[in-house]
Amino acid sequence: MPLYHNEDQAMLADTAAQFMAEEGSIKKQLRHWRDTGCKDGFGHDLWKQFAEMGFTGILVGEDDGGMGMGNVEAGIVLEQIGRNLTPSPFLTSSVLAATALNHASADLKGRYLPGLLSGESVFAIGIDEGGKHRPERISTKAEKSGNGFKLSGQKDFVIHGASADMIIVAARTSGNDDDNDGITLFAVPKDAAGLDQDAVKLVDSSVATHMKMNGVELDGDAVIGEVDGGRDILNKVLNAGRIGAAAEGCGVAGGAMDMTIDYLKQRKQFGKLIGEFQALQHRAAHLYSEVEIARAVTIKAGQLLDADSEKADLMVSVAKAKVAKAAGLAVKEGVQMHGGIGMTDEYDIGLFMKRDRALQEFLGDAYYHADRVAQMSGY
């Protein structure tokens with residue numbers, strides 16, 4: 001498979017790029033919602049525009065009213081989201097939650113997918129139970145209660161949790177906390193009794209919650225997939241989210257790099273454009289190559305995921321780790337090459353650094369995924 005977009009994907013990229021630049025710009029969205037202290041951190045009107053463009057249903061099957069596209073196409077949209085720092089629930093709702101709901105019953109699909117497709121609903125996913133991403137260990141309990149289940153436990157840093165109409169929660173229905181089996185996914189409505197959420201604003205101005213479940217009672221039809229058989233679905237959800245986060249990271253890296261290159265072509269020092277200094281040219285060339293490698297491995301991982309390849313799991317972690325390094329380099333070089341003004345809020349380059357920091361932690365940082373690569377490679 002070629003490591004570039006085909007004709008249809010290129011058209012989608014052009015459409016997404018124009019839409020995000022016009023409607024999802026930093027000034028129009030991120031700065032606006034940050035400076036007004038929005039409790040959601042994003043605009044619901046823009047989310048409805050996402051739906052009008054068909055973006056919200058990009059991973060939803062055509063039989064369910066969606067676009068029936070794949071992770072590569074979702075990544076195309078996410079790259080433009082990253083390039084423009086557009087705040088939206090696309091990654092949590094249209095990638096993570098949509099991937100889970102694709103494995104849900106017809107009843108759950110009928111209950112939740114129409115809202116996603118129309119842009120009326122926002123979804124979140126609760127996995128992590130601590131400061132770091134460790135989905136191998138799940139201690140949140142789901143105990144049988146009549147015809148349903150009773151959930152007890154805590155999930156941390158649930159992105160858009162306070163804004164979500166429904167949160168998909170991974171809980172343990174059997175076995176020990178570290179067991180691979182015994183995991184079940186549940187669709188938890190926002191108004192469920194016993195559900196408490198403490199909202200916190202993250203470094204990139206997005207909003208997450210610490211979510212506590214004190215005997216949250218759910219009907220049996222809230223189960224996504226099979227009881228005790230949710231690990232496979234969870235892994236699919238995680239892979240889709242990780243490659244989506246990598247694609248957005250590529251956008252963050254590309255946006256920061258372009259902003260820096262433009263600055264090098266405008267800023268003068270000692271009577272010369274600073275872009276004429278060879279040392280900065282070398283650093284810019286190195287950065288460009290790193291970003292392009294990250295984009296290539298992200299496209300490859302998305303292709304393997306869409307093809308349901310046995311190598312997809314490995315390549316997704318390769319991509320997540322590589323993008324974390326490349327995007328980290330892009331934002332650091334951007335701030336340094338901007339000089340002192342790069343540390344001010346007046347310039348957008350610092351906002352790219354903040355978004356990169358949040359994305360690096362989301363669904364596993366570079367160290368977590370490097371360790372996964374080593375284990376899967378037999379080291």
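Quantities reported herein were computed from a predicted structural model and do not represent experimental measurements. Throughout, numbering of the chain's residues begins at 1 and tracks the sequence.
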Considering only heavy atoms from C-beta outward, does the side chain of [X] approach that of [Y] to under 4.5 Å?
X: Ser94; Y: Phe55; result: no
X: Thr140; Y: Arg172; result: no
X: Phe42; Y: Leu46; result: no
X: Leu273; Y: Leu264; result: no
X: Arg267; Y: Met337; result: no
X: Val95; Y: Leu78; result: yes
X: Thr298; Y: Val323; result: yes
X: Ile341; Y: Tyr347; result: yes

Side-chain H-bond candidate by donor/acceptor type, [X] with [Y], under 3.5 Å:
X: Asp262; Y: Gln266; value: no
X: Arg372; Y: Ser317; value: yes
X: Arg283; Y: Gln281; value: no
X: Ser206; Y: Asp204; value: yes
X: His44; Y: Asp40; value: yes
X: Asp313; Y: Asn235; value: no
X: Ser25; Y: Asn84; value: no

Inset, instruction - Hey, could you give me each pair passing side chain to side chain donor-acceptor pair (under 3.5 Å) that has a residue in residues 142-154? Not counting sequence neighbours. - result: Gln154-Asp156
Legend entry - Pairwise side chain to side chain donor-acceptor pair (under 3.5 Å) hits with a residue in residues 217-226, at least two apart: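 Pairs touching residues 217-226 that pass the test: Arg111-Asp221.
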Inset, instruction - Of all the heavy-atom pairs spanning Ala171 and Ala142, show the shortest one and how long it is. - result: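 Closest pair (atom of Ala171, atom of Ala142, distance): CB-CB, 3.9 Å.
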Inset, instruction - Taking all non-hydrogen atoms of both residues into account, name the closest pair between Leu287 and Met257 and its distance. - result: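 Smallest interatomic distance, heavy atoms only, reads CD2-CG, 3.8 Å.
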Legend entry - Tyr288 ring center near His286 ring center (under 6.0 Å): no
Legend entry - Exam field: side chain His32 to backbone Lys28, donor-acceptor pair closer than 3.5 Å: no
Inset, instruction - Give a yes or no answer on whether the side chain of Ser121 reaches the backbone of Asp165 with a donor-acceptor pair at less than 3.5 Å. - result: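 Not a single qualifying donor-acceptor pair exists.
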[X]: which residues meet the salt bridge (Lys or Arg N to Asp or Glu O under 4.0 Å) condition with it, sequence neighbours left out?
X: Asp45; value: none
X: Lys39; value: none
X: Glu120; value: Lys48

Please determine whether a side-chain nitrogen of the Lys or Arg among [X] and [Y] lies less than 4.0 Å from a carboxylate oxygen of the Asp or Glu.
X: Arg83; Y: Asp258; result: yes
X: Glu129; Y: Lys155; result: yes
X: Arg137; Y: Asp179; result: no
X: Arg355; Y: Glu248; result: yes
X: Lys141; Y: Asp177; result: yes

Return all side-chain donor-acceptor pairs below 3.5 angstrom for residues 61-76, not counting sequence neighbours, or 'none' if the list is empty.
unit_1, atom_1, unit_2, atom_2, d
Asp64, OD2, Lys109, NZ, 3.4
Asn71, ND2, Asp306, OD1, 3.0
Glu73, OE1, Gly70, N, 3.0
Glu73, OE2, Gln9, NE2, 3.0

Inset, instruction - Among residues two or more places apart or on two chains, list those pairs meeting ring pair (Phe, Tyr, Trp, His ring centres under 6.0 Å) that have a residue in residues 56-94. - result: none
Inset, instruction - Can you run down the ring pair (Phe, Tyr, Trp, His ring centres under 6.0 Å) pairs that involve residues 108-151, sequence neighbours left out, and say none if there aren't any? - result: Tyr112-Phe123, His133-Tyr368, Phe149-Phe186
Table please: side-chain donor-acceptor pairs of residues 12-22 below 3.5 Å, with sequence neighbours left out.
unit_1, atom_1, unit_2, atom_2, d
Thr15, OG1, Met11, O, 3.0
Gln18, NE2, Glu22, OE2, 3.2

Inset, instruction - For the pair Asp348 and Lys27, evaluate salt bridge (Lys or Arg N to Asp or Glu O under 4.0 Å) and give the outcome as yes or no after the intermediate values. - result: CA-CA 9 Å; Asp348 291 339; Lys27 181 179 180 180; over 6 Å; no
Legend entry - Hydrophobic cluster of Ile243, others only, ordered by chain and residue number, side-chain cut-off 4.5 Å: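 Besides Ile243, the hydrophobic cluster comprises Leu305, Val316, listed by chain and residue number.
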Legend entry - Linked hydrophobic residues, Val207 as query - side chain contacts closer than 4.5 Å: none
Just list the side-chain donor-acceptor pairs under 3.5 Å for residues 190-198, sequence neighbours left out, or say none.
unit_1, atom_1, unit_2, atom_2, d
Asp196, OD2, Asn214, ND2, 3.3
Gln197, OE1, Thr209, OG1, 2.6
Gln197, NE2, Gly161, O, 3.1

